[in-house]
Amino acid sequence: HSGWKFGWGRFSEVDLFTDRHESNAETLSQAIRAAASEEPDADGSVLFGQLKGTVVGLRYYSGVVNQGEMVGLVRQPQNPYDRNAVMVANIYGNQVGHIKKELAAAMAYIMDNNLAKVEGVVYSGTKNTYTMPVMLSFWGKEESKNSVLEHMSRRGYKLNTEGGKLKGTPCTILKNAFDNLFEGLMESKDGEKEAASVATPLLLHQKQALSWMCARENKAALPPFWEKRGELYYNTLTCFSAKELPERVRGGILADDMGLGKTLTVIALILTNFHKGKPLPVEKCVSRSVLQSFQAICFMSNLCSLITKCVFTCVQVEKVSPIKAKMTSQMALTLEEGSVLFEDLDFAAALSGSTSDTGSKKKKTDKKSSLTQSAESSIAESTDDLKARTTLIICPLSVLSNWLDQFEQHVDPNVKLNVYLYYGPERNRSKKFLSSQDVVITTYNVLSSDFGNKSPLHGISWLRVVLDEGHIIRNPNAQMSKAVLDLKAQRRWILSGTPIQNSVRDLWMLVAFLGLKPFDTREWWNRVIQRPVTQGDRAGLQHLQTLVKYITLRRTKNSEVNGRPLVSLPEKKVYVEQVELSQPEREEYELARTEGKNTIGRYVRTEGTVLRNYADVLAILMRLRQHCCHPDLLAKISSDLGAAATPAELRERLIEKLRLVLASGSDEECSVCLDSVRLPVITHCAHVYCRPCIAQVISTSGQEVARCPLCRSEIKTSELVEFPQEEMEEENSTKSERWRTSSKVQALMGNLLRLRSKDSSIKCLVVSQFTRFLTILETPLREHGFSFVRLDGTMTQKKRTQVIQEFQSSAADSPTIMLLSLKAGGVGLNLTAASHVFLMDPAWNPATEEQCIDRCHRLGQKRKVVVTKFIVKDSVEENMVKIQRKKQDLMEKAFGSTNTDRKTSRIDDIVALMEL
DNA sequence: ACCGCCGGGTGCC
DNA sequence: ACCGCCGGGTGCC
């Protein structure tokens with residue numbers, strides 16, 4: 001009997017984070033994680049009350065707690081002695097004891113049914129070997145409060161509901177503080193480091209980043225909130241203390257603005273910081289013939305006489321190929337130090353944990369293969385730490401080619417770095433092969449599709465994992481995120497130009513990936529950081545700031561080092577070119593404008609109907625904007641806006657509206673998630689949302705009927721209309737009509753021809769929100785013999801990459817013009833070959849235009865950048881520009897506005913546009 | 001004494 | 001646990 005008990009005891013005693021007992025550790029950590037993840041969010045939870053309880057059985061477990069330390073409570077429904085058991089664990093997941101059974105019996109029901117989340121604090125420390133008191137706090141949804149209180153009191157436990165209220169702080173102040181979270185993270189992070197084997201000289205701020213990253217990987221500084229107290233390490237937030245140095249976070253978030261060269265910095269890091277600050281040992285890259293003669297010598301010769309023979313060979317080679325003189329002398333030098341073909345001394349030294357100096361001395365006397373020896377020493381000291389060689393880079397497909405280019409471009413050509421692209425159906429899944437590479441690059445999609453399917457990537461112990469565009473994995477429930485969290489790595493990096501977009505919640509995934517204990521467990525994150533912050537607790541925000549500061553380096557384009565801007569880009573000039581419409585164009589335009597003005601005016605005068613008819617309003621504006629570009633852009637207009645006679649007709653009209661809204665280039669945002677719409681659907685009241693968003697609104701409305709968040713009309717899931725698939729491809733069908741020109745087309749062509757005659761090497765981006773306009777432009781470009789490519793959202797990734805490569809090429813016959821759809825390709829697109837940008841039509845959102853311009857006005861741009869915006873005189877376009885200016889001002893003044901603010905400002909925009 | 005009382009053994013869930 | 005509880009030993013005062 002007692003043997004069984006002991007076994008069970010040990011079973012629950014495992015350490016959550018060291019995996020000492022692997023299978024058991026998983027069971028317990030899974031239990032804690034599962035318990036923590038079931039709760040939807042700390043947001044919106046209220047404190048029901050508190051209760052003093054007893055933790056018993058302390059003497060059976062090794063987990064210790066300090067006075068004031070937080071403890072976790074985990075249900076153990078499988079406990080053979082009591083199915084109501086509630087386990088108590090400290091922050092490291094070490095079991096401390098159990099909740100006394102009567103209390104556990106009362107709590108079990110509440111915990112199992114998710115009526116409340118129970119948290120414990122040991123307020124009085126351990127005075128007694130057997131039991132200790134614990135303060136339990138019950139948190140949950142307001143609607144569960146009474147049933148929880150009642151349930152507990154029926155069992156004789158009265159929750160103290162006094163004094164638990166948190167003092168609220170004005171939210172606005174905190175909101176601003178949160179916005180500033182990522183500001184000023186450059187302080188005291190100076191120090192520069194030169195990169196090894198990188199052909200491109202690093203800029204000052206990149207050297208600083210490299211130095212910071214190396215320090216983050218090498219130095220054993222205490223993580224935030226830890227301090228040394230005597231012989232122990234003490235966490236000031238959780239009051240947990242430990243004998244061992246808390247595991248440091250080897251890595252962090254590099255959140256520099258895009259264009260500051262994060263990719264280059266990471267490449268430099270890979271080459272510069274292998275083990276113990278030594279560079280990655282890489283094969284010297286020599287011409288094939290040299291390599292072959294070397295190999296021949298190496299195989300044939302007795303290793304003892306190797307050095308002289310190799311040097312001899314080098315001299316011979318030098319005669320044959322004088323250009324390589326520098327390289328061969330470098331090789332001879334290497335050989336004198338006793339290495340064989342590979343510069344493996346550093347590697348061997350790193351493996352054995354000794355420095356490279358002593359390593360090479362040793363090799364001088366002992367001429368046996370250094371490789372064999374290094375293998376032996378690595379086994380002797382088999383801490384897995386030193387075996388890992390490979391850096392795994394995970395990125396979105398869209399920037400994959402960029403990584404490959406950058407490796408090609410920046411790695412010293414005399415050095416052979418093994419970079420493997422783990423992508424495509426033919427990818428090499430051999431773990432042995434992959435872990436012998438220096439760098440493996442893959443995409444989030446490949447990673448998550450491999451995940452759970454005996455993924456080789458998850459079976460390798462990586463030296464380093466780098467998440468590019470790391471904000472992609474902000475949703476912890478996504479398959480991708482789970483796949484990322486399951487990777488084994490010594491060092492972890494997140495690259496992101498936009499670290500927090502929405503809230504504290506997004507940060508958790510990043511913290512969890514970095515393994516910043518104990519916050520990688522959701523429960524502790526919620527308790528210590530997220531809830532305090534969302535409830536307006538200043539200390540909580542302070543803690544969050546400390547935490548973020550510890551792991552993040554962020555500089556913006558406007559940051560300065562020693563009073564100088566980080567990067568000096570070539571000058572950029574923006575011109576507005578007014579376009580006059582021709583007489584017939586003007587007449588058509590005025591006709592449409594009068595009609596539209598009347599319609600919208602009606603909506604504005606009738607209080608509250610603008611939002612209701614939002615899609616119509618956008619459609620009208622859209623038509624006017626199309627008139628400004630080219631008459632053929634106008635879609636076959638489907639009648640006016642009266643009530644539809646049949647359901648089929650209604651559906652047809654809704655689809656038409658949806659099409660117009662989506663095609664309007666207004667970068668429509670979903671009013672539920674405030675992000676760009678994904679999987680767009682339109683309601684019968686003609687408002688566009690993401691399907692999942694609006695479906696959630698409907699299912700959680702709690703009322704008998706769900707209402708549209710924008711206009712309060714009744715909505716039903718069955719009445720949501722999607723964009724039919726066939727419609728998507730129909731776009732190209734209007735092609736066959738006879739081509740005609742327009743004033744704007746003329747204006748563009750004039751510019752292009754003038755530029756070409758001045759300097760035929762200049763490349764241009766021609767940007768429009770209307771892909772059909774781009775199609776129209778193809779005709780005159782072809783006519784005038786321009787070589788051009790086209791990039792829009794409909795193209796496959798493969799095609800995009802190809803087009804970008806073509807355009808970026810400096811070959812004489814490479815295309816000089818790129819037709820670019822405004823929204824095509826995310827940030828990070830590199831089009832520095834172009835130095836002139838023509839914006840054919842103004843965008844609603846000036847930031848979109850800026851982003852587009854930044855694709856060529858960024859690091860790597862050698863020429864002055866000239867931007868020309870075509871604006872039709874006396875038109876809706878002019879008003880749009882005015883609104884843009886106003887928006888820019890507003891943006892700069894107050895950051896972050898509410899949803900209603902945005903919508904009202906949209907209405908104001910519309911009124912201003914139509915000059916009502 | 002089919003009790004009370006004493007004192008040793010014992011002890012989470 | 002410097003407790004409560006259990007069950008055996010014991011038995012007027």
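First the proteins, then the strands, lettered A, B, ... as listed; each starts at 1. Every heavy atom of this structure was used, including side-chain atoms; hydrogens, water molecules and symmetry mates were not.
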Exercise. Checking only heavy atoms, does the side chain of A/Asn79 share a donor-acceptor pair with the base of B/dC13 at less than 3.5 Å?
Worked result: yes
(Q) What's the gap between B/dC12 and C/dC3 when it is taken at their C1' atoms, as a whole Å value? (A) 15 Å
From CD of A/Glu102 across to P of B/dC12 the rounded distance in Å is 13 Å
In short, salt bridge (Lys or Arg N to Asp or Glu O under 4.0 Å) pairs touching residues 148-159 of chain A with sequence neighbours left out are A/Glu150-A/Arg154
Under a 3.5 Å limit on both distances, the Watson-Crick or wobble mate of B/dA1 is none
Looking at A/Tyr123, I'd like to know if its OH atom is crowded, meaning that more than 12 non-hydrogen atoms belonging to other residues, nucleotides or ligands lie closer than 6.0 Å. yes
Closer than 4.0 Å, any side-chain N/O of A/Lys101 to the OP1 or OP2 of B/dC12? no
With sequence neighbours left out, the residues meeting side-chain contact (heavy atoms from CB on, under 4.5 Å) with A/Val64 are none
Residues 218-239 of chain A vs ring pair (Phe, Tyr, Trp, His ring centres under 6.0 Å), sequence neighbours excluded, gives A/Phe225-A/His543
Anything under 3.5 Å between a protein N or O and an N or O of nucleotides 1-3 of chain C, put it in a table, one pair a line.
{"unit_1": "C/dA1", "atom_1": "N1", "unit_2": "A/Arg59", "atom_2": "NH2", "d": "3.3"}

Here the gap from A/Met509 atom CE to A/Asn477 atom CG, rounded to the nearest 0.5 Å, amounts to 10.0 Å
Residues 690-706 of chain A vs salt bridge (Lys or Arg N to Asp or Glu O under 4.0 Å), sequence neighbours excluded, gives A/Arg691-A/Glu722
Applying the 3.5 Å cut-off to both distances, the Watson-Crick or G-U partner of C/dC12 turns out to be none
request  = Quick one: label A/Ile99 by what it contacts on the DNA or RNA (base, sugar-phosphate, nothing), any heavy atom closer than 4.0 Å.
outcome  = sugar-phosphate
Between CG of A/Leu103 and P of B/dC13 the distance, given in whole Å, is 11 Å
For this session: Could you measure between the two C1' atoms, the one in C/dC13 and the one in B/dC2, and give it in whole Å?
Result: 25 Å
Taken to the nearest whole Å, CD/A/Gln95 to C1'/B/dC13 is 9 Å
Let me check something: any side-chain donor-acceptor pairs from residues 445-455 of chain A under 3.5 Å, sequence neighbours excluded? List them with distances.
{"unit_1": "A/Ser448", "atom_1": "OG", "unit_2": "A/Tyr444", "atom_2": "O", "d": "3.2"}
{"unit_1": "A/Ser448", "atom_1": "OG", "unit_2": "A/Asn445", "atom_2": "O", "d": "3.4"}
{"unit_1": "A/Ser449", "atom_1": "OG", "unit_2": "A/Asn445", "atom_2": "O", "d": "3.3"}
{"unit_1": "A/Ser449", "atom_1": "OG", "unit_2": "A/Val446", "atom_2": "O", "d": "3.1"}
{"unit_1": "A/Asp450", "atom_1": "OD1", "unit_2": "A/Arg427", "atom_2": "NH2", "d": "2.7"}
{"unit_1": "A/Asp450", "atom_1": "OD1", "unit_2": "A/Arg429", "atom_2": "NH2", "d": "3.0"}
{"unit_1": "A/Asp450", "atom_1": "OD2", "unit_2": "A/Tyr422", "atom_2": "OH", "d": "2.5"}
{"unit_1": "A/Ser455", "atom_1": "OG", "unit_2": "A/Leu457", "atom_2": "N", "d": "3.2"}
{"unit_1": "A/Ser455", "atom_1": "OG", "unit_2": "A/His458", "atom_2": "N", "d": "3.2"}
{"unit_1": "A/Ser455", "atom_1": "OG", "unit_2": "A/His458", "atom_2": "ND1", "d": "2.7"}

Taken to the nearest whole Å, CD/A/Gln76 to C1'/B/dC13 is 7 Å
Kindly confirm whether the side-chain ring of A/Tyr81 is stacked on the base of B/dC12, judged by centres under 5.5 Å and planes under 30°.
no
message = Suppose you measure atom C1' in C/dC6 against the same atom in C/dA1; what distance do you get, rounded to whole Å?
response = 15 Å
A/His98 NE2 to B/dG11 P, in whole Å, measures 17 Å
